[in-house]
Asks: 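Pasting a structure below so you can have a look.
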Amino acid sequence: MMYFTYDDVFKAATRVANVLDYLKIRNETILIILPDDHTYLLPAILLGIMKTSNSFFCINLGKSIDIDEIIVKCNISSIVSQPSSSDFVFRDKEVIDCYKILILNEENIDVSRIHKRNSSEAFERMQIGYCMQTSGSTGSPKIVQVPWSCIIPNISALSKRLNITSNDVIYSTSPATFDPFIVDLLLTISNNATMLLTTERLRLAPSLNFAKEMFEKQVTFLQITPTLLLNFGQETLHSIVLSEKSSLRICLLGGEIFPERPLLQKSKNHIKFYNIYGITEISCWTHMRLVDLESEEEVDIGEELDETVETEIRKSDLILQENFGILWIGSKRRKCIVGNESSDIIHGDEILFRNTGDIVEQKNGRIFFRGRANKIIKKFGIQIDLAKIEDAAKKVDTIERVCCIFIQTLKKIILFYKSNNSDNLSFSKLKLNLKMSEMPDEIHKIVDFPQSTHGKICERKLVEIYEILRKETNLTVEENFIQHIEQLLTSHYTLSLSFSALGGDSVTALRILADLETTYKQEYPELLPLLLNPDISLQNAIKYLKESFQSSPIRNTRPIKFLNPKGVKLKWRTNLGKCVDASPAVHTSEKSTSVTVGSHSHRLITIDMVTGNTLYEEILEDRIEGQAVFCPKGFGYIGCYRGFLYKFSIFNKAILWKFDSGSMIKSRPIIIDDAVIFGNYSTDKNVWCLNRLSGDLMWSSMIGSKGIFTNPLRIDDQILVASLDGSVAILNSNNGFISSQIKLNTPIFSTPTVIKFKNANPKIALAEVNGTIHILSLTNNQLKLTGNPFKVSGNVFSKIIKLNPVDEQSEQSALLAFGCHNNCVYCLKIALEEPFLAIQWKTKLNSPVFSTPCSINEDYMMCCTTSGFLAIMNSKTGTVESTVQLPGESFSSPVYHEGHIFIGCRDNFLYCYTF
């Protein structure tokens, strides 16, 4: 251990300042690059820089930081480094001057001038004390310039409230790249206190001997993250660090959620624990609460530290609960320059608010942390709060720490936990507090949580750990399937039962399918219909998995390149509050063109195509996933999950009538004369015909034994309907009489398409969910399968569309296109004289295609994948000509009208692009 007096440090700081003065380095930002971010040389270096009115920017050489990018962004021409790192730092830089300074304990540092690079914008230095790069917890990492006027109120308030004196020993547990280090340093200097610095190894993994030496007679003040505090280990914490003999009097816990009280309750009353809260952009702490360990009261973020900060809770579309919102912190005085902001932002008397990215609840005048906004994710269209999963795990007594992560590329929710005994956290324990849709995909016990240099749990390293665990799996596909059944549904079952009999639903089935295909890199197109069929046992599903294992591997293909969106530009977007899975519907009139769409928020909205302004809005009884249909004069029809079909007027801005069909409606209605016909999910009557003027029931009928997802299809005065049990029927539109019906093997989610040839009976193209494409003939109102079916290796939910011109009656062949869950878009050719389908082209995109492609003109079509990858494609060759990446997943089918593309997204927005 080495000791340095204030006199030692100030003399060394003066030597640093003298060299900077000699080199005429004034009012600059000096980059400090040190191999050990807790070197004892650091206070002298920083004080020397401060004495010369320069600001500093500390970075650690061992971390993955682009030094060249920082030099350019910050307009840096001066660097302080230790000789051991100089060769690496300056290997490709033009050094103008380099001076060595002997500062403490016979150690040198280098002060170097480098050739200044051209920067895109002058970096603000006036009034700036130092710079920090954020960790990215409130967004992507960014450089923050902190004026002294921003940090000094923090130091004054903490010194006063915590009564810091010259008798205090402040143990700095933060690296110099983390703003609490600056707080520790300035608290020390302003109060003539003692500062304790250690090596990074001891800081991140303190030893028992270190704890005894430091906390039995020296350290009085500790500002630390809960993760770093727990690194001492419970035994060391309770017997030394937080014991009755400990010299510690103040413990500030910040940067993460306050730990569970039982971890701290063995400490003695002389130690005061505070929950402290803040963000770099306000630098640094803004709220603080003294915590009573004997109380069972929930810990809030605390009161505002002083009068320089103000707090607002703002509503967010992500959060629907009352009294919940996103926390914003503002100040007139504590203003930083963030990223590429202009220096003008710190001037003036107006309050500047910053988004913390934290979800909070206001209760009884106090503010409680409820999680991070970026921990709310969407999976299979369902909004899931990862913090809620963590809270459910924490309710298990033996759990010490938890962290839930979402791996976007795998669409997987992984829960990691640390336990204080050998007990394991089971799915059954989580089910007590979570819905089935909120359950994690996997649970893993971990000995110690990886941490960042800032002392927080490092989620990036957790992803790396999971990748190792993935590679170690030795389960067969059928064993993995059974494991999913036991974890997500029940451990008490027999293989003779069906998936649905055990409580499985479509979302759970999709989860299992997606995980198996990702794990074994193989497609199982028949599994989903097997699981959704209540008459098929688990044994049959397992048999299918065994037989198909490695029979159709997913071959590696080059990733789709994101091409420049040639001619595709965002015109406007509209927020509907929740997922927009419904497809937009366009209505034209003499005066204007508008687009109507619904969302999971129950909102039905009509928007002017040109301006993006909302023309009409209604709140329906339940979520909307179906598409609207219009007749003249702006009258529209649409269904919702509650089973109501609505007639609305976009001009009168009113609901004219609604009809209760008794079960959810996902299909788009069709209009035939004065009738509106639609399907629903009822197992009693699933086809309905209403008088479109009055809403009165004209007739109802039942096709098959399950509900209807597809849109009814008009063929002259007949309608064609397909159901989820594989039934396909022709009905008379006047009375609902079934004239013909056939039964296919698997459910039908894909709306059929009629192909009409000149002087010939129409043909019908239809896809089963298992990827079998059929051609049906219709002669004298009788359906008949013709030719051999075409088979694709994936599930098909997409409607089959025609790529030919609208007037195709004179054609002798037609081109058909559809998307598939194997990531591919297919184009097939059907000819009048040929009884089979022939493939024209196949294009593989970056993720499954659920929605329906859309024809733009004779040359172009478009298609959107579930990952929100919108591709503009050549209709004749399948070549991807242009792409647009939406901000979220998409299950909405794109619609094209007069140079405009409309598409819904699971980020809650409807988007309009021009093309």
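The shown structure was predicted, so the numbers you read here are calculated from the model rather than taken from an experiment. Computation of the quantities below employed the complete heavy-atom set of this structure, encompassing side-chain atoms and omitting hydrogens, waters and symmetry-equivalent molecules.
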Asks: Which is it for R113 and S78 under the side-chain hydrogen bond (donor to acceptor under 3.5 Å, both in side chains) test, yes or no, and what are the steps along the way?
Replies: CA-CA 5 Å; R113 296 284 282 173; S78 302; 2.6 Å; yes
Asks: Less than 4.5 Å apart, any side-chain heavy atom of I446 and any of L462?
Replies: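 Counting from C-beta outward, I446 and L462 do come under 4.5 Å.
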Asks: Shortest non-hydrogen contact from F273 to F258?
Replies: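 Of all heavy-atom pairs spanning F273 and F258, the closest is CB-CZ, 4.4 Å.
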Asks: Could you walk me through whether I367 and I313 pass the side chain to side chain contact (heavy atoms under 4.5 Å, CB included) check?
Replies: CA-CA 9 Å; I367 298 173; I313 300 175; 4.1 Å; yes
Asks: Any sub-3.5 Å donor-acceptor pair from T52's side-chain atoms to I49's backbone N or O?
Replies: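 Checked: pair present.
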Asks: Quick one: pull up CG in L186 and SG in C284 and give me the separation to the nearest 0.5 Å.
Replies: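 The distance works out to 11.0 Å.
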Asks: For residues 180-196, which residue pairs pass the salt bridge (Lys or Arg N to Asp or Glu O under 4.0 Å) check, not counting sequence neighbours?
Replies: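 Checked against salt bridge (Lys or Arg N to Asp or Glu O under 4.0 Å) - neighbours excluded - no pair reaches residues 180-196.
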Asks: Between T227 and E256, does any side-chain donor sit less than 3.5 Å from a side-chain acceptor?
Replies: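 Note: T227 and E256 side chains meet the donor-acceptor criterion.
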Asks: Quiz question: by atom type and distance under 3.5 Å, do the side chains of N191 and T165 form a donor-acceptor pair?
Replies: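 The criterion, which ignores hydrogens and geometry beyond distance, is not satisfied for T165 and N191.
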Asks: I'd like to know whether N374 forms a side chain to side chain contact (heavy atoms under 4.5 Å, CB included) with F406, so could you lay out the CA-CA distance, the side-chain angles of the two residues, the decisive distance to 0.1 Å, and finally the verdict.
Replies: CA-CA 10 Å; N374 60 11; F406 179 62; over 6 Å; no
Asks: Under a 4.5 Å cut-off applied to non-hydrogen side-chain atoms, are Y171 and L248 in contact?
Replies: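 They are not in contact (no side-chain heavy atoms under 4.5 Å apart), so the answer is no.
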Asks: Applying side-chain hydrogen bond (donor to acceptor under 3.5 Å, both in side chains), run through D7 and T5 and close with a yes or a no.
Replies: CA-CA 5 Å; D7 187 53; T5 65; 5.0 Å; no
Asks: What's the separation between atom CD1 in I414 and atom CG in L410, rounded to the nearest 0.5 Å?
Replies: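 Here the interatomic distance stands at 7.5 Å.
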Asks: Mind running side chain to side chain contact (heavy atoms under 4.5 Å, CB included) on L47 and I189 for me, showing each step along the way?
Replies: CA-CA 10 Å; L47 288 172; I189 294 170; 3.3 Å; yes
Asks: Show the numbers, then the answer: is there a salt bridge (charged side-chain N to carboxylate O under 4.0 Å, His left out) between D349 and K332?
Replies: CA-CA 6 Å; D349 295 329; K332 290 183 179 180; over 6 Å; no
Asks: Among I326, I279, L327, whose side chain to side chain contact (heavy atoms under 4.5 Å, CB included) with N355 holds?
Replies: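 That would be I326; it is the only one of I326, I279, L327 passing the side chain to side chain contact (heavy atoms under 4.5 Å, CB included) with N355.
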Asks: May I ask you to say whether D168 pairs ionically with R249, meaning some side-chain N is under 4.0 Å from a carboxylate O?
Replies: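 Salt bridge: yes.
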Asks: Looking only at non-hydrogen atoms, find the nearest pair between V309 and E304 and report the distance.
Replies: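 Answer, listing the atom of V309 first, then E304: O-OE1, 3.2 Å.
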Asks: Would you confirm whether T225, through its side chain, and G255, through its main-chain N or O, come within 3.5 Å as a donor-acceptor pair?
Replies: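 Side chain of T225 to backbone of G255, a donor-acceptor pair under 3.5 Å: no, none is there.
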Asks: Decide side-chain hydrogen bond (donor to acceptor under 3.5 Å, both in side chains) for K571 and Y911; before the verdict, give the C-alpha distance in whole Å, the side-chain angles of both, and the deciding distance to 0.1 Å.
Replies: CA-CA 8 Å; K571 187 170 186 177; Y911 288 85; over 6 Å; no
Asks: Ring-plane angle category for Y130 and F56, please: parallel below 30°, perpendicular beyond 60°, tilted otherwise.
Replies: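 Answer is parallel, since the angle falls under 30°.
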Asks: Quick one: are K412 and I405 in side-chain contact, heavy atoms under 4.5 Å?
Replies: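 No, side chains not in contact.
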Asks: If you measure from CG on L352 to NZ on K335, what distance do you get to the nearest 0.5 Å?
Replies: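 With rounding to 0.5 Å, CG (L352) is 6.0 Å from NZ (K335).
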Asks: For R370, is there an ion pair with D358 - N to carboxylate O distance below 4.0 angstrom?
Replies: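 No, no charged N to carboxylate O under 4.0 Å.
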Asks: Do NZ/NE/NH1/NH2 and the carboxylate oxygens of K375 and E459 come within less than 4.0 Å?
Replies: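 A salt bridge is present here (some side-chain N lies under 4.0 Å from a carboxylate O).
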Asks: Under 3.5 Å, side chain of Q145 to main-chain N/O of V338, donor-acceptor pair present?
Replies: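 Looks like no, no N/O pair under 3.5 Å.
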Asks: As a quick check of understanding, evaluate side-chain hydrogen bond (donor to acceptor under 3.5 Å, both in side chains) for T280 and D179, giving each step before the final call.
Replies: CA-CA 7 Å; T280 302; D179 31 15; 2.7 Å; yes
Asks: Any heavy-atom pair between the side chains of V146 and V144 that's under 4.5 Å?
Replies: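 Yes, at least one pair of side-chain atoms sits under 4.5 Å.
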Asks: Is there a side-chain contact between S81 and I109 (heavy atoms, below 4.5 Å)?
Replies: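 They are not in contact (no side-chain heavy atoms under 4.5 Å apart), so the answer is no.
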Asks: Return yes if a side-chain donor-acceptor contact under 3.5 Å exists between T308 and D306, otherwise no.
Replies: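 Checked: T308/D306 side chains pair up, N/O donor to acceptor below 3.5 Å.
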Asks: Under 6.0 Å from the six-membered ring centre of F353 and within 45° of its axis: does the NZ or CZ of R314 meet both?
Replies: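 Judged by the rule (NZ or CZ under 6.0 Å from the ring centre, within 45° of its axis), R314 counts as positioned above F353.
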Asks: Give me the one residue out of E312, E310, E341 that meets salt bridge (Lys or Arg N to Asp or Glu O under 4.0 Å) with R354.
Replies: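 Checked E312, E310, E341 against R354; only one passes salt bridge (Lys or Arg N to Asp or Glu O under 4.0 Å): E341.
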Asks: Kindly give the heavy-atom pair with the smallest separation between I457 and C403, and that separation in Å.
Replies: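 Here I457 and C403 meet closest at CG2-SG, 4.0 Å.
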Asks: Can you tell me how far the CD1 atom of I32 sits from the OG1 atom of T177, to the nearest 0.5 Å?
Replies: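 So the CD1 of I32 and the OG1 of T177 are separated by 11.5 Å.
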Asks: Checking D8 against Y3: is there a side-chain donor and acceptor pair closer than 3.5 Å?
Replies: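 The answer is no; no qualifying pair exists.
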Asks: Quick check: do L202 and T199 have side-chain heavy atoms less than 4.5 Å from each other?
Replies: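 In short, these two side chains touch, coming nearer than 4.5 Å.
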Asks: Taking V219's backbone N and O only, do any of them form a donor-acceptor pair with S247's side chain (distance below 3.5 Å, no angle check)?
Replies: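 Confirmed, S247 side chain pairs with V219 backbone.
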Asks: Just verifying a value: how many Å separate N154 CG and I182 CD1, rounded to the nearest 0.5 Å?
Replies: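 Atom-to-atom, N154:CG and I182:CD1 are 12.0 Å apart.
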Asks: So, does R334 use its side chain to make a donor-acceptor pair with the main chain of S283 at under 3.5 Å?
Replies: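 It does hold such a pair.
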Asks: Ring centroids only, cut at 6.0 angstrom: are F232 and F215 within range, meaning strictly under it?
Replies: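 Yes; F215 has its ring centre under 6.0 Å from that of F232.
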Asks: Can you name the nearest heavy-atom pair linking I377 to L386, along with the distance?
Replies: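 Heavy atoms of I377 and L386 come nearest at CG1-CD2, 4.1 Å.
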Asks: Counting C-beta onward and ignoring hydrogens, is there a side-chain heavy-atom pair between L197 and P43 closer than 4.5 Å?
Replies: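 Yes. Closest side-chain heavy atoms under 4.5 Å.
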Asks: Is a donor from one side chain sitting under 3.5 angstrom from an acceptor on the other, for S55 and T29?
Replies: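 Distance-only check passes for S55 and T29.
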Asks: Are any non-hydrogen side-chain atoms of I33 and V80 less than 4.5 angstrom apart?
Replies: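 They are not in contact (no side-chain heavy atoms under 4.5 Å apart), so the answer is no.
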Asks: Do other residues, nucleotides or ligands put more than 12 heavy atoms under 6.0 Å from the OH atom of Y6?
Replies: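 Yes, enclosed.
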Asks: Has the side chain of Q223 got a donor or acceptor atom that lies under 3.5 Å from a matching backbone atom of T173?
Replies: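 Side chain of Q223 to backbone of T173: no pair is present.
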Asks: Please report the shortest heavy-atom distance between L187 and S159, naming the atom on each side.
Replies: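 Looking at all heavy atoms of both residues, the shortest contact is CD2-OG, 3.2 Å.
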Asks: Walk me through whether Y274 and L253 qualify under side chain to side chain contact (heavy atoms under 4.5 Å, CB included).
Replies: CA-CA 6 Å; Y274 291 85; L253 288 161; over 6 Å; no
Asks: Kindly compute the distance separating CZ (F221) from CG (N167), expressed to the nearest 0.5 Å.
Replies: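 Between atom CZ of F221 and atom CG of N167 there are 15.0 Å.
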Asks: Kindly give the heavy-atom pair with the smallest separation between A211 and V241, and that separation in Å.
Replies: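 That closest heavy-atom pairing would be CB-CG2, 4.2 Å.
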Asks: Given the side-chain rings of F10 and F4, with only the six-membered ring counted for Trp, is the space between their centroids under 6.0 Å?
Replies: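 No, ring centres 6.0 Å or more apart.
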